[in-house]
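To start, the structure itself, in structure tokens.
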Amino acid sequence: RIVKLYRYLCDSKKEYVLSKQILRSGTSIGANIKEALQAQSKRDYLDNQMYEPIHTDCVELIKILVSIIKTARSNL
């Protein structure tokens, strides 16, 4: 879908700068997840004291992103 959106923006709207950013950010997620999963070893794990605040921040970011998506969909 991201690639199709990129093509649409380039071909139909002649938007090149933002479309490239969308393409880069939209296609890098899978690569980042794969790299993160395969890179883990016992040495890479954080203790709970370091993990919990980071995890809490991530959960909050997810909530914000979900809210943004819901708002954007309701405005379509």
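Here the structure is a predicted model, which is why all the values come from computation and not from measurement.
- Glu15 places a side-chain N or O within 3.5 Å of a backbone atom of Val17 that can act as its donor or acceptor partner.
- To the nearest 0.5 Å, atom CZ of residue Arg24 and atom OG of residue Ser19 are 9.0 Å apart.
- By the 6.0 Å contact criterion, CZ on Arg7 is open, its count of non-hydrogen atoms from other residues, nucleotides or ligands being 12 or less.
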What do the steps show when you test Ile22 against Leu5 for side chain to side chain contact (heavy atoms under 4.5 Å, CB included), and what is the final call? CA-CA 8 Å; Ile22 288 171; Leu5 174 60; 3.9 Å; yes
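- Within the 3.5 Å criterion, the main-chain N or O of Glu52 finds a donor-acceptor partner in the side chain of Thr56.
- The structure places CD1 of Ile69 at 9.5 Å from OG of Ser67, a figure rounded to the nearest 0.5 Å.
- Residues Leu23 and Ile2 approach most closely at CA-CG2, 4.0 Å, considering heavy atoms.
- Within 6.0 Å of OH on Tyr16 lie more than 12 heavy atoms contributed by other residues, nucleotides or ligands.
- Following chains of ILVMFWY side-chain contacts shorter than 4.5 Å, one can reach Tyr51 starting from Ile54, so the two form part of one hydrophobic cluster.
- Closest of all the heavy-atom pairs between Tyr8 and Lys13 is OH-CE, 3.1 Å.
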